[in-house]
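Okay, so here's the structure we're looking at.
In this chain, numbering begins with 1 at the start of the sequence shown. Because the structure is predicted, anything quoted here is derived from the model rather than measured.
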Amino acid sequence: MSEIYLSSRVVGEAIYACRKSKNVSQEVLSGLADIGRTHLSAIERGERKPTLETLYRISVALDMKMSDIVREIEKRLP
């Protein structure tokens, strides 16, 4: 069985796509999710990976199921 490496970039791209689909700015999303805007920016650029709690906060702030964000991540996997 081959190991799949989940890069930070893939996660960030998926979160960015979800945020853009909801037409929400980083500033608004970070406020709603109660995380720093610079932290969110680093996640979207692939410099940091979100914890499960942070991913959950982002999903709630975007009015999405966390599983929808995970599906968006899976679409980007090789």
Side-chain angles (χ1 to χ4, degrees):
M1 183 175 220
S2 66
E3 184 177 322
I4 296 178
Y5 175 70
L6 182 60
S7 78
S8 299
R9 185 181 55 80
V10 171
V11 174
E13 287 173 355
I15 292 171
Y16 172 83
C18 291
R19 178 174 66 78
K20 283 302 200 177
S21 75
K22 295 287 189 164
N23 199 28
V24 175
S25 69
Q26 279 186 345
E27 188 171 340
V28 169
L29 177 56
S30 64
L32 292 172
D34 196 27
I35 60 174
R37 194 202 56 77
T38 55
H39 185 148
L40 176 60
S41 178
I43 290 170
E44 288 188 353
R45 288 191 315 269
E47 295 173 1
R48 301 181 87 176
K49 279 187 186 174
T51 63
L52 284 175
E53 180 181 350
T54 299
L55 189 61
Y56 178 74
R57 287 177 178 202
I58 290 170
S59 69
V60 169
L62 289 173
D63 193 28
M64 299 177 77
K65 292 181 182 177
M66 197 161 97
S67 59
D68 293 335
I69 296 176
V70 171
R71 270 193 276 294
E72 193 63 39
I73 293 168
E74 289 175 331
K75 282 198 257 180
R76 291 168 161 67
L77 293 176

Q. From Leu62 CG over to Ile15 CD1, what is the distance, rounded to the nearest 0.5 angstrom?
A. 9.0 Å
(Q) Salt bridge or not between Arg71 and Glu74? Use side-chain N to carboxylate O under 4.0 Å. (A) no
Q.
To the closest 0.5 Å, what do you measure between OG1 (Thr51) and CD1 (Ile43)?
A. 7.5 Å
Q | Nearest-0.5 Å distance that lies between atom SG in Cys18 and atom CG in Asp63 | A | 12.5 Å
Q: Identify the two heavy atoms, one from Arg76 and one from Ala14, that lie closest to each other, and give their separation to 0.1 Å.
A: NE-N, 3.7 Å
Q: Could you tell me the separation between the CD1 atom of Ile58 and the CG atom of Asp34, rounded to the nearest 0.5 Å?
A: 11.5 Å
**Q.** Interatomic spacing from OG in Ser7 to NZ in Lys49 - rounded to 0.5 Å
**A.** 7.5 Å
Q) How many angstroms lie between CD in Gln26 and NZ in Lys20, if you round to the nearest 0.5 Å? A) 8.5 Å
**Q.** Shortest non-hydrogen contact from Leu29 toward Ala61
**A.** CD1-CB, 3.5 Å
(Q) Checking the side chain of Arg48 only, and the main-chain atoms of His39 only, is there a donor and an acceptor separated by less than 3.5 Å? (A) no
**Q.** In one Ile/Leu/Val/Met/Phe/Trp/Tyr side-chain cluster, 4.5 Å: Val70, Tyr16
**A.** no
Q) Val24, Met64: one ILVMFWY side-chain cluster at the under-4.5 Å cut-off? A) yes
Q. Which heavy-atom pair separates Ser59 from Lys65 by the least distance, and what is that distance?
A. CB-C, 4.1 Å
Q | Heavy-atom closest contact (Arg57 atom, Ala33 atom, distance) | A | CD-O, 3.2 Å
Q. Just wondering, do Leu52 and Met66 contact through their side chains at under 4.5 Å, heavy atoms?
A. yes
Q: Might you confirm whether atom CD of Glu47 has over 12 heavy atoms from other residues, nucleotides or ligands at distances under 6.0 Å?
A: yes
Q: Examine distances only and state if a side-chain atom of Ser41 and a backbone atom of Thr38 form a donor-acceptor pair shorter than 3.5 Å.
A: no
